[in-house]
Amino acid sequence: MMTEDRPVVVALGAVDPALVIDVLGEGISFVAEPSDEDLVVAVGAIVRADVVVDGALLDRAPHLKVLARTGVGVDRVDLAAASARGIPVVITPGSGTRAVAEGVLALSLHLVKRLGPLTELVRNGRWAERDRVPVGDLDGSTIGIVGYGRIGRRVAELSTAFGMRVLAHDPLNPPPDELACADLKELAAASDVLTLHVPLTEQTHGLVDEQFLAGVRPGTNLVNCGRGGLLDLDSALAALESGQLGGVGLDVFDPEPPQHHPLFDHPNVVLTPHLMGLTRRATAATFAEAARGIGDVLTGRRPAAVANPDWATAAVDQELLKEGQRNVQIR
């Protein structure tokens, strides 16, 4: 437990102190492995993607003034509970963008160039069988981007450099007219590679299911570096076995870590443990951005990006509601 008078910021999940201490400054004590006592006095927390932050956890940290999520996904953070307590949830939208986009192209190349099966041929002395493995091209093929936010746009830039035709679908962040597919089914049917970059919501959970995959171009390669819950794994496996999908590349799962699924054993599947956005440079930038967000809030500055922009007004509304309830009880 920290006994100093300095404000305490804790890690919720694994955070390398070397990446945040200098940014937080000498006036703040950082606790990488907090005890219950540390949570009680903490004024800020840096939250990793695999940590659930709900009302119960927030009740254990009554002095918390800010949460900083490393990344942008907040499906495991109770935003309403945070807002009701006047706690902004800082996010770090720009730090991992380029790394994730590179990961999308890396997984796409692995699948299109059939690196997995070809590695097995060489490893097992089956050189003579190499003509049996068809190798594809990104150049001249079509990539369909589902979700055209920061990462989707960067994927489009990299794909263009590879000579790919780019199509994109996003009702909330409309792509340029020359790239836009207003209909998701049209995008699926026209793409050789599909990549998912929409947030995980009730509406998008299970977005890529049996019905969706029935409409893709046969042999399409599917990449998910977005959120695990966007893809139904049973449907993806069935589509692989039927040839409707040519390959699947996954960096995200639901839950994480995932339970083993038969899809993972298919030779045309490549898996990474939600690390495409955590290259050395991106990790350092993400944690530094999270630490800066905490510093901004604690010093009265507006943070660069928050997931719950209503955090200040929601807390006021909650207090007014409580005051009204007290007045009713007095009467």
Side-chain angles (χ1 to χ4, degrees), residues 7-28 30 42-51 53 58 61 63-103 147-155 157 170 172-174 197-201 225-227 276-316:
V8 173
V9 171
V10 299
L12 297 179
V15 177
D16 183 353
L19 298 178
V20 299
I21 287 177
D22 288 343
V23 181
L24 290 172
E26 296 181 354
I28 292 176
F30 178 71
V43 296
I46 297 177
V47 185
R48 296 300 305 274
D50 56 348
V51 174
V53 178
L58 294 175
H63 299 291
L64 207 61
K65 292 181 172 60
V66 56
L67 292 165
R69 164 74 172 84
T70 55
V72 295
V74 289
D75 40 285
R76 297 189 180 189
V77 178
D78 189 335
L79 295 181
S83 294
R85 291 164 173 79
I87 301 173
V89 179
V90 174
I91 53 176
T92 59
S95 54
T97 296
R98 289 175 174 263
V100 175
E102 287 181 10
Y148 203 68
R150 288 179 178 85
I151 295 173
R153 293 194 295 272
R154 181 59 178 167
V155 170
E157 292 174 359
D170 192 332
L172 299 180
N173 299 292
H197 301 287
V198 292
L200 182 62
T201 66
C225 289
R227 284 290 175 265
M276 290 297 97
L278 292 175
T279 60
R280 289 188 296 271
R281 185 168 66 176
T283 297
T286 296
F287 288 123
E289 193 173 340
R292 276 193 293 272
I294 285 181
D296 286 342
V297 174
L298 295 182
T299 55
R301 298 190 298 269
R302 181 181 294 275
V306 294
N308 57 336
D310 65 334
W311 64 274
T313 56
V316 172

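Position 1 is the first residue of the sequence; numbering continues from there.
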Quick one: side chain to side chain contact (heavy atoms under 4.5 Å, CB included) partners of [X], sequence neighbours excluded?
X      : answer
Leu58  : Val53, Leu64, Leu67, Ala81, Ala82, Arg85, Ile87
Val100 : Ile151, Cys225
Ile28  : Val9, Leu24, Leu298
Thr286 : Thr70, Thr92, Ser95

If I compare all heavy atoms of [X] with all of [Y], which pair ends up nearest, and what's the gap?
X      : Y      : answer
Ala290 : Ala68  : O-CB, 3.5 Å
Ala307 : Leu79  : O-CD1, 3.8 Å
Phe287 : Ala14  : CZ-O, 4.1 Å
Gly86  : Trp311 : O-CE3, 3.3 Å
Ala11  : Gly13  : CB-O, 3.5 Å
Val23  : Leu19  : CG2-O, 4.2 Å

Mind checking what makes side-chain hydrogen bond (donor to acceptor under 3.5 Å, both in side chains) contact with [X], not counting sequence neighbours?
X      : result
Arg301 : Asp296, Thr299
Arg154 : Glu157
Asn308 : Ser83

Test side chain to side chain contact (heavy atoms under 4.5 Å, CB included), reference Val90, set Ile294, Val47, Val297, output is Val297
NE2 (His197) and CG (Asp170) are apart, to the nearest 0.5 Å, by 11.0 Å
Residues 277-294 vs salt bridge (Lys or Arg N to Asp or Glu O under 4.0 Å), sequence neighbours excluded, gives none
For residues 68-80, the salt bridge (Lys or Arg N to Asp or Glu O under 4.0 Å) pairs (sequence neighbours left out) are Asp75-Arg227
